[in-house]
Amino acid sequence: MSTTSPQSLAVFTSGGDAPGMNACIRAVVRTARMHQLNVVGIRRGYEGMIDGDTVFLDERSVSNIIQRGGTMLKTARSARFMTDQGLDSAAAVLRNLNVSGVVAIGGDGTFKGARAFTSRFPEFRFIGIPGTIDNDISGTDFTLGFDTALNTVVEAIDKIRDTAASHDRCFFIEVMGRDSGCIALWSGLAGGAEEILLPERNTNVDDLVALLRKGSSLGKSSSIVIVAEGEQSGGAAEVAAAVRARLPHVDTKVTVLGHVQRGGSPTVADRILGAKFGTWAVEALLQNVHGAMVGVRDGKKCFIPFEHAVKSSEPLDPELYRINRILAT
Ligand code: F6P
């Protein structure tokens with residue numbers, strides 16, 4: 001261990017939980033222990049950092065969690081961490097525990113917090129791990145939890161399709177994604193949706209009605225429309241009402257999948273991503289790499305400075321949308 005290596009390393013999860021966070025915590029703890037570091041788990045994200053809600057973790061503390069959804073460290077969104085008082089209390093807690101390296105698992109809000117903290121207290125070294133089902137962080141192709149959420153959504157679409165076809169109905173299925181249509185786009189294509197409505201595109205009800213009419217004229221007796229939570233006209237209920245007003249003979253139904261998308265046992269892809277991210281994050285701190293989020297780009301490890309690890313402004317892959325348009329005929 002070099003002289004700049006942390007004495008103790010802390011790990012926490014923050015923001016919305018995501019499947020694979022536990023697999024990632026396990027990787028952080030076991031990699032750190034292999035390098036003889038003490039590991040402190042901070043409960044409830046930045047809230048727990050302020051309150052000193054911590055627990056020492058060793059190899060056995062993270063047994064039997066690889067398959068569990070949620071996060072064993074719990075999570076929270078913290079308004080107090082945006083105040084000087086909150087930052088000062090958190091610094092006192094970390095100093096008291098002799099922590100200098102911190103692994104922060106969460107979304108863009110988590111990394112904003114890390115930046116605010118380390119610009120006030122540069123002696124602490126933070127490395128970030130993207131954990132959010134939304135897959136909306138710049139610089140990484142995938143975030144932890146996205147694949148599991150997609151599989152949950154597609155399983156639900158398949159089930160709804162059974163009843164939609166049996167009753168000749170049109171279902172509007174709302175999926176998560178306040179600011180991002182990633183879950184909607186990927187699950188819509190995988191679930192064979194007639195149309196996918198995204199926060200990133202304006203919804204045109206005329207076009208949607210025309211598309212549903214065309215489907216009907218081509219012999220479709222049921223249809224599935226995936227609506228992202230952040231869709232601009234207000235979500236699935238609003239879009240369904242607008243369509244119902246124009247097509248009163250169509251039997252429309254709305255299903256909001258909600259927080260079921262955040263839970264469940266992580267998929268193989270999320271367990272592997274959690275293992276990679278957790279191991280890479282600790283190794284990065286040991287090599288004095290910090291102030292950045294670890295990510296994957298084209299299958300390879302990369303580091304994105306916190307100032308660029310923000311909500312993605314990259315447009316969603318237009319190819320997925322184009323292909324769905326072809327296949328939904
Ligand atoms: O960021 C993940 C996410 O699940 C979003 O898709 C969703 O809009 C939001 O969190 C919901 O947050 P909460 O659980 O705090 O209501």
Side-chain angles (χ1 to χ4, degrees), residues 12-22 24 43-48 69-71 73-82 104-114 128-157 172-188 190-191 196-201 203 226-239 254-267 270 273-274 277 293 295 306 309-314 316:
F12 69 93
T13 49
S14 161
D17 61 325
M21 281 182 164
N22 279 326
C24 189
R43 294 197 195 89
R44 298 182 294 110
Y46 289 121
E47 284 290 289
T71 160
L73 291 175
K74 298 188 182 283
T75 186
R77 304 187 201 273
S78 176
R80 284 192 296 159
F81 202 70
M82 293 174 199
I105 309 172
D108 68 316
T110 307
F111 307 142
K112 265 187 216 140
I129 292 178
T132 165
I133 64 165
D134 290 347
N135 204 39
D136 62 348
I137 314 255
S138 282
T140 185
D141 290 342
F142 295 106
T143 60
L144 210 48
F146 176 56
D147 186 69
T148 307
L150 277 183
N151 279 281
T152 301
V153 171
V154 171
E155 194 183 335
I157 295 172
F172 294 83
I173 304 175
E174 185 173 297
V175 301
M176 274 187 166
R178 199 166 25 205
D179 307 307
S180 164
C182 252
I183 294 177
L185 184 57
W186 286 59
S187 68
I196 306 166
L197 305 180
L198 306 165
E200 294 85 352
R201 296 174 70 102
T203 298
I226 302 297
V227 186
E229 176 188 9
E231 182 276 332
Q232 293 173 8
S233 57
E238 283 71 13
V239 178
V254 173
T255 302
V256 178
L257 295 182
H259 284 78
V260 71
Q261 296 161 90
R262 286 250 291 268
S265 184
T267 56
D270 276 328
L273 203 57
F277 281 165
M293 174 193 85
F306 280 145
V310 293
K311 268 203 194 296
S312 182
S313 54
E314 290 168 35
L316 290 182

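We count ligands from 1, going down the list as the structure has it; atoms in each ligand are counted the same way.
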* **Which atom of Phe111 lies closest to which atom of Ala104, heavy atoms considered** => CE2-O, 3.8 Å
* **Nearest-neighbour protein heavy atom for atom 6 (O) of ligand 1, which is reported as residue plus atom name and distance** => Asp134 OD1, 2.7 Å
* For atom 7 (C) of ligand 1, what is the nearest protein heavy atom, given as residue, atom name and distance? -> Glu229 OE1, 3.5 Å
* **Atoms in ligand 1 flagged as close to His259, the criterion being non-hydrogen separation under 4.0 Å** => 13 (P), 14 (O), 16 (O)
* **Nearest-contact summary for atom 11 (C) of ligand 1 - protein heavy atom, Å** => Arg262 NH1, 3.5 Å
* **From Ser312 atom OG to Asp134 atom CG, the distance as rounded to the nearest 0.5 Å** => 11.5 Å
* **Over 12 non-hydrogen atoms of neighbours within 6.0 angstrom of NZ in Lys74** => no
* Asked: Among protein heavy atoms, which sits nearest to atom 15 (O) of ligand 1, and what does the distance come to when rounded to 0.1 Å?
  -> Arg77 NH2, 3.0 Å
* Asked: Do Glu231 and Thr203 meet the criterion of a side-chain donor-acceptor pair at a distance under 3.5 Å?
  -> yes
* Asked: What residue and atom, counting heavy atoms only, is the protein's closest point to atom 9 (C) of ligand 1, and at what distance?
  -> Arg178 NH2, 3.7 Å
* Look at the rings of Phe81 and Tyr46 and say which category their plane angle falls in: under 30° parallel, 30 to 60° tilted, over 60° perpendicular. => parallel
* Phe277 versus Thr140: any side-chain heavy-atom pair under 4.5 Å? -> yes
* 4.0 Å heavy-atom contact, Gly177 with ligand 1 -> yes
* **Residue portion contacting ligand 1 (non-hydrogen atoms closer than 4.0 Å) for Gln261** => neither
